[in-house]
Amino acid sequence: MPHDKLIIFDTTLRDGEQAPGIALTPDEKLAIARQLAKLRVDVIEAGFAAASDGDFYGVSQIARKVKGPVIASLARSLPDDIDRAYDAVRHADRHRIHVFQSTSPIHMERMLRMTPEEVMKSIVESVRRARRYTDDVEFSPQDATRSDPDFMIACCQAAVREGATTINIPDTVGFATPDDYVELLRRVYGEVLGERDDVIVSTHCHNDLGLAVANSLSAIHAGARQIEGAINGIGERAGNTSTEEIIMAVRTRRDHFGVDVAANTEEIVPTSRLVSRLTGYPVQFNKAVVGRNAFAHESGIHQHGVLRDRETYEIMDPISVGATSQIVLGKHSGRAGFGDALSKLGIVLEDEQFAAAFRRFKDVADRKIEINERELRAIIRQEHARSEGTIRMVSMSVSGGSHVTPTSTVRVVRGDGDEVREFTGSGGGMVDATFDALKKAFGLDVKLLDYRVVPVTAGADAMAEVNVVVQVGGSTHGGRAVSTDVVEGSGHAFVEALNRALSAIDG
């Protein structure tokens, strides 16, 4: 069954750039426009040509150099704005002038200081003027969702009579709910378009109540066939409808919405990253479709399911948006996720080694948000060395302060036994006290030759790698361990070195 086409109108470079702190250069706007063309959006609103000379130059550069999408410029209902918009977009293969005028009582009375009759006249004259330049004219009654519906619809009817080919209904301040918006759009569709099939009804929703995407998608059922949005949902205040969320919602639930989009979805993540980098606006981790966690799985149950069959927990193929699935190792990860991570690193462990490494992984994960590849390798190296030792440190506790000599109590198990023995030491610091206690546990005369702490990762929960070199008798031995706790890591590294010393003595 054929589906209607949904036009994707991207306003990242106009409404998106109006977000506080964003000031793109013409070259940066051109780079984003070229990427939007790769994404195959239908319309790029390249800017507000009358806003400044810089914005005019940016829009005109995009019009000259970007092929594929329609290039649009916004214009107030003012002759100079419309002329400037046309001058900026006229070199594009296909161009549009987007005219807007406020129609809500609060905007007309408090901002414009115009009567409804004056507003209506300005709409008629501005659409008529834009139509002289191009046959692709869009009209938006700003703050439509707070306007008197009868007056707003009359304004749209007048715009269509003057030649507007797209009627966009902005929820300018994010005031609408899906039910409100659908009812309004149905009136527009029925009373403004009527039997005409040469005019498109469009949406432009803001996210002040977090409903921009919901309102836009709901409007499709009311006949909307163009949706305006911005990449990553950037824009004034709480932002705009997210272009990428609309594209993937329609693609994923084609059965529900009954429309098609022409977008090349594999360019979604590259587009999102480019916009984030150039605007300086980070993408929240849990952002739909493009967030870092959109296809990441930490829960053991979820990891197990995804490893068996991706569709158990992923309704979209990450490859389809230019992303990849991630099994994130953390405290919620189970044996399946841990084993998969080891397999990808080419690490094969016997059952007992696997169990010991998994226990150590869980111990570290309880204190650390996420464990990366380097940290995982370090854990495995440490467990491998520990499994070869004759004495294991099962726990430790330290105490001390500014005016108290630091002490450390270590609990160890010898060989394969289960008898836990406890030893206490003291020293100039907590690490020194721990070394003193372990010397007693091993019963060795030990000299510390070298001690180094190297961070494995950055951040407040960073793992550190501790390296020690000890001398026992006439030979030297090294030990290494990783931990989020430097004192604990130092103790495990010392144990590894002393076990090697014992092996050399026994050998």
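Just so you know, these numbers come straight off a predicted model, no measurement behind them.
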Taking Ala46's backbone N and O only, do any of them form a donor-acceptor pair with Arg14's side chain (distance below 3.5 Å, no angle check)?
no
Quick one: list whatever passes side-chain hydrogen bond (donor to acceptor under 3.5 Å, both in side chains) with Ser122, sequence neighbours left out.
Gln101
Among side-chain atoms of Asn232 and Ser272, is any donor-acceptor pair under 3.5 angstrom?
yes
State, yes or no, whether a side-chain contact exists between Ile8 and Val43 at a heavy-atom distance under 4.5 Å.
no
Enumerate the ring-ring contact (aromatic ring centres under 6.0 Å, His included) contacts for residues 115-166, please, sequence neighbours excluded, ordered by first and then second residue.
Tyr86-Tyr133
Can a donor-acceptor pair be found between the side chains of Thr172 and Gln142 at a distance below 3.5 Å?
no
Please lay out, stage by stage, how Asp150 and Arg187 fare under the test salt bridge (charged side-chain N to carboxylate O under 4.0 Å, His left out).
CA-CA 9 Å; Asp150 292 335; Arg187 282 199 62 184; 2.8 Å; yes
With the side chain counted from C-beta on, respond yes when Ile234 and Thr279 share a heavy-atom pair under 4.5 Å apart, and no when they do not.
yes
Any side-chain to backbone donor/acceptor pair from Thr11 onto Ala230? Under 3.5 Å, distance only.
no
For residues Glu138 and Thr166, is any side-chain donor paired with an opposing acceptor at under 3.5 Å?
no
What salt bridge (charged side-chain N to carboxylate O under 4.0 Å, His left out) pairs are there with at least one residue in residues 201-224, not counting sequence neighbours?
Asp208-Arg237
Quick one: which residue pairs count as a salt bridge (charged side-chain N to carboxylate O under 4.0 Å, His left out) with a foot in residues 49-60, not counting sequence neighbours?
Lys29-Asp55, Asp53-Arg84
Student check: side-chain heavy atoms of Ile227 and Phe9 closer than 4.5 Å:
no
Working for side-chain hydrogen bond (donor to acceptor under 3.5 Å, both in side chains), residues Ser320 and Thr265:
CA-CA 6 Å; Ser320 72; Thr265 61; 4.7 Å; no
List the atom of Gly58, the atom of Pro26, and the distance in Å for their closest heavy-atom pair.
CA-CB, 4.2 Å
Regarding Asn264 and Glu266, do their side chains bring together a donor and an acceptor under 3.5 Å, going by distance alone?
no
Can you name the closest pair of heavy atoms from Val289 and Val269 and give their distance?
O-CG2, 4.4 Å
Tell me yes or no: between the side chains of Ser140 and His98, is some donor less than 3.5 Å from an acceptor?
yes
Assess the residue pair Thr103 and Ser147 against the criterion (side-chain hydrogen bond (donor to acceptor under 3.5 Å, both in side chains)); give the C-alpha distance rounded to whole Å, side-chain angles, the decisive distance to 0.1 Å, and a yes or no.
CA-CA 6 Å; Thr103 57; Ser147 299; 2.7 Å; yes
Can you run down the ring-ring contact (aromatic ring centres under 6.0 Å, His included) pairs that involve residues 200-240, sequence neighbours left out, and say none if there aren't any?
His204-His206, His221-His256, His221-Phe257
Please check if any side-chain donor atom of Thr134 sits under 3.5 Å from a side-chain acceptor atom of Asp136, or the reverse.
no
For a salt bridge (charged side-chain N to carboxylate O under 4.0 Å, His left out) check, start with the C-alpha distance between Glu244 and Lys287, then their side-chain angles and the critical distance, and finish with the verdict.
CA-CA 11 Å; Glu244 67 279 1; Lys287 171 76 169 61; 2.5 Å; yes
Walk me through whether Asp260 and Lys5 qualify under salt bridge (charged side-chain N to carboxylate O under 4.0 Å, His left out).
CA-CA 5 Å; Asp260 285 327; Lys5 179 183 178 182; over 6 Å; no
Listed once per pair and sorted, the salt bridge (charged side-chain N to carboxylate O under 4.0 Å, His left out) pairs that draw on residues 158-175, sequence neighbours left out
Arg128-Glu162
Arg131 side chain to Gly163 backbone, donor-acceptor under 3.5 Å:
yes
